[in-house]
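Both counts, for ligands and for their atoms, begin at 1 and track the order of listing.
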Amino acid sequence: MADRWYSEAVVYCLDIDTYADSDGDGVGDIRGLIGRLDYLARLGVTCLWLHPIHPSPNRDDGYDATDFYNIDPRFGTLGDFAELLHQAQNRGIRIIIDLVVNHTSNEHPWFQSARSSPDSPYRDWYVWADHEPSDRHQGMVFPGEQHETWTYDRTAKAWYYHRFYKFQPDLNFTNPAVREEIKKIVSFWLQLGVSGFRMDAVPFIIELTESGNPNSPKDFEFLTELRQHVQWRRGDAVLLAEANVEPDQLPTFFADSGGSGNRLHMLFDFMLNGRLMLALARQDPEPIIEALRDTPALPEGGQWATFLRNHDEIDLSRLTAEQRNQVYEQFGPDENMRIYDRGIRRRLAPMLGNDRRRIELAYALQFSLRGTPVLRYGEEIGMGEDLSLPGREAIRTPMQWSYQPNAGFSTADPEKLVRPVIDKGEFSYEKVNVTAQRSDQKSLLAWFERMIRTLREAPEVGSGSTTHIDVAMPPGVLAHRADGRTGTMVFVHNLGTTDAEVDLSMLEPEADLPIDVLADRNYGEVGKLDRLKVAGYGYRWIRLRRGQGL
Ligand code: GLC
C-alpha cells in the first residue's frame, strides 16, 4: 500500500557519523552505511531516518547546518547519497532525513551576511531586536547549557533570537522568502528520492516571535502550505514531526478545524513515551491505559510514531514532579544520568539493568501499541551508554559491529574516532556486538528480527485501531487489541514480576483458532482464553482472527 506506507513501516534512526566508517578516517560515512543495508534489511526495518546529513560545524550533532543543499563532506558526496537512495530502494527500504529549518548555524552564509549589515538581503531572514528583549532569559530548551534566547551580536549591533543554543539563530519564517526557501529545500531532497522528512522543532518553526513575548502566537497555516507543497511534489512523501506539546494542542498539528489530515502525517508520541517509562518504572500499566484513553483522535491519515529511545534525552517533562521522581529513582538514580532538569541520558538496556526479559517486554510493548515504531541504532543489540561523555553524547557512541578493534566501526586510530567506542564493562563491544549476536539464535538481535517480522505480519497494529481491553486483570498486566482489515491481534504484557493468569474468555466468540505468534516462552496451545498464563515480565502476542480477502 504505497499511499499509507508509513502506517505499516518500521523506522530505524541513525547518525551516519557513528554508524560505519568505510574509509578509516574515524567518522562514519555514507559508503559505510550502504555496506550495512543488508543488515538492516535482514533486521526487517523498512524506513531509515537519518539524523542531519548537511555540512555543519557540528556543535549540535549536525542540528546546526551551514548548507541545506549539500552533504557533510565527512559523510561523502551528493553522488554517494544518490547511490544510498538507490541501494536502499533495491532492498525495499525508504529513507527520510532530518529537516532542521527552525534555525541555521551561525556560520551559515545567510547569517554571516545578515549580521554584516542592515541592508543585507538576508537581514530579515533572521529574527532581530534593537533593544534587549525582556524575555531574554526565558524559553530556553537546554537549561544548564543555554542561558538566554536572545543574544547581542556586536557586528549586527542588534539582538538575535535563538530558541536553542546561541550558535543556532532562528530563521524568520514570517518572511515569505524564508518560506519559499524551505519549500525549495524540501523539493530538492524529494527530487533526489527521499520519502519524506523528520521535521525538527515544529512548534518553534511556526512561532511568530515577538520580542518580549515568551508565548508568541503560532501560524499553523504554514504547515498546511508545506503539506500541500510536499504532496504535489511527491504523493507518497511523509512529514514526521517533533512537536512535544500539551495533548490538547496536538490535533492542530495534524489538521485544521476541517478535520481532514491536511498538515503533518505523523507526530512522535512524546506523551506515550513518558507514560511508558513511568509504567515500566512502576511495573504498573495504568499510565499506558491513561495514555491510550487520553490521546486525541487522529484525523484520517494521521499516525503516531512510538519510541522508547531516540537520539535525545528521555524527556519526562510532561510527567508530574512526583512521577518524574519515580522514573528517576528506577532509571536515573545518579545525578550524572539526568539532564536538563527533565530527562535521562541513557540507553534502554542499562536502564533496565540489562535484564533480557525486561528489554524484550519493553520493546514488545512499544511495537504492539498503536502507531509506527521507531527504533534507535544499537538498541537491537542492547548497547549501553558512556556517561563520561558530555550531555546527549552519552548515547551517541559508535555502533558495535564486531570483536575487532573499535568494535569494527572503523579502522582508524582510536583517538581519531568521532566518539570513543564503549570498551569497558558489561556493555563493552567485546560483550555486545552484532557479530556475536548474528550467529546466536537466542540473542537479542535474533529476537528483534523475529519480533519485527512478526509485526510485519500483523499490519493491524500500524493501520488498524488499538484499544485497551478493559476487564479485571492481575496487577501489572496490560491487555490490548488491534483491529484492522487483516484481522484482530490480542496482546498481553506483564509489567510485573509475578506470574499471572488472565481471563479473556469474553473474546471467545471472536476467536478463530487463536495462536501465539510471539511470546517470551512456549506457553503451549492457547486453547480456551479463560486461563491465559503470562509469566512475570512475560508477554504474548496472540492472533485471534484473520481478516477476509487479503
Ligand atoms: C531537536 C533535536 C535535537 C536538537 C534540537 C535543535 O530537539 O531533536 O537533537 O538539538 O532540535 O535543533
Side-chain angles (χ1 to χ4, degrees), residues 11-18 49-68 72 96-108 110-111 126-127 139-149 151 160-171 173 182 185 197-207 209 239-245 253 264 266-271 273-274 305 307-318 339-347 374-377 385 389-397 418-419:
V11 181
Y12 183 96
C13 66
L14 66 95
D15 267 307
I16 290 183
D17 64 355
T18 49
W49 153 28
L50 303 182
H51 297 308
I53 56 175
H54 309 307
S56 160
N58 265 302
R59 297 178 66 190
D60 182 16
D61 218 15
Y63 285 89
D64 47 341
T66 50
D67 179 0
F68 291 107
D72 186 331
I96 64 176
I97 58 170
D98 242 296
L99 179 68
V100 189
V101 289
N102 175 67
H103 46 262
T104 66
S105 158
N106 59 351
E107 293 177 32
H108 195 295
W110 299 339
F111 188 71
Y126 293 87
V127 184
M140 278 86 70
V141 176
F142 303 125
E145 290 183 13
Q146 182 194 359
H147 307 288
E148 53 189 8
T149 47
T151 292
Y160 67 90
Y161 180 68
H162 53 91
R163 174 58 81 160
F164 297 93
Y165 295 110
K166 73 174 175 199
F167 53 82
Q168 291 168 319
D170 272 41
L171 282 165
F173 102 107
I182 294 176
I185 296 167
F197 303 89
R198 179 268 187 185
M199 264 185 94
D200 188 59
V202 173
F204 302 133
I205 296 180
I206 60 173
E207 210 169 37
T209 312
L239 294 170
L240 161 59
E242 179 198 35
N244 189 356
V245 297
F253 287 84
L264 303 166
M266 287 209 269
L267 293 187
F268 287 101
D269 197 341
F270 281 94
M271 187 54 83
N273 180 251
F307 60 102
L308 287 171
R309 292 302 294 114
N310 64 21
H311 64 303
D312 288 328
E313 77 284 4
I314 295 176
D315 187 338
L316 304 170
S317 56
R318 302 213 176 269
I339 188 168
Y340 310 138
D341 292 334
R342 62 162 183 255
I344 297 181
R345 54 182 204 119
R346 303 185 73 193
R347 279 194 180 257
V374 180
L375 180 68
R376 176 161 168 73
Y377 82 89
E385 71 267 342
L389 295 176
R392 292 168 293 169
E393 286 184 24
I395 53 150
R396 298 174 177 177
T397 60
V418 60
R419 229 159 265 141

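- A heavy-atom distance below 4.5 Å is not found between the side chains of Asp61 and His51.
- The protein non-hydrogen atom at the shortest distance from atom 11 (O) of ligand 1 is Asp200 OD1, 2.8 Å.
- Taking 4.0 Å as the cut-off, Arg392 counts as a neighbour of ligand 1 on heavy-atom distance.
- Within ligand 1, counting atoms from 1 as listed, the ones closer than 4.0 Å to a heavy atom of Glu242 are 1 (C), 7 (O), 8 (O).
- Ion pairing between Glu242 and Arg198 holds under the 4.0 Å rule for side-chain N and carboxylate O.
- When side chains are defined from C-beta on, Leu14 counts as touching Leu50, because their heavy atoms get closer than 4.5 Å.
- Those atoms of ligand 1 with a heavy atom of His103 less than 4.0 angstrom away are 6 (C), 12 (O).
- At a 4.0 Å heavy-atom cut-off, ligand 1 touches Arg198 through the side chain alone.
- If you run ring-ring contact (aromatic ring centres under 6.0 Å, His included) between Tyr126 and each of Tyr160, Tyr161, Phe173, Phe111, only Phe111 comes through.
- Ion pairing between a basic and an acidic side chain is recognised when a charged N comes within 4.0 Å of a carboxylate O; Asp15 and Arg419 show no such pairing.
- For the ring-ring contact (aromatic ring centres under 6.0 Å, His included) with Phe142, the qualifying choice from Phe164, Phe167, Tyr63 is Phe164, the only one to do so.
- Residue Phe142 touches ligand 1 through its side chain alone, judged by heavy-atom distances below 4.0 Å.
- Remark: Arg376 does not engage Asp312 in a salt bridge, criterion side-chain N to carboxylate O under 4.0 Å.
- With atom 6 (C) of ligand 1 as the reference point, the heavy atom nearest to it among Val202, Asp60, Asn102 is part of Asp60.
- Near Asp312, meaning under 4.0 Å from one of its heavy atoms, ligand 1 places the atoms 2 (C), 3 (C), 7 (O), 8 (O), 9 (O).
- When only non-hydrogen protein atoms are considered, atom 5 (C) of ligand 1 lies nearest to Phe164 CE2, 3.8 Å.
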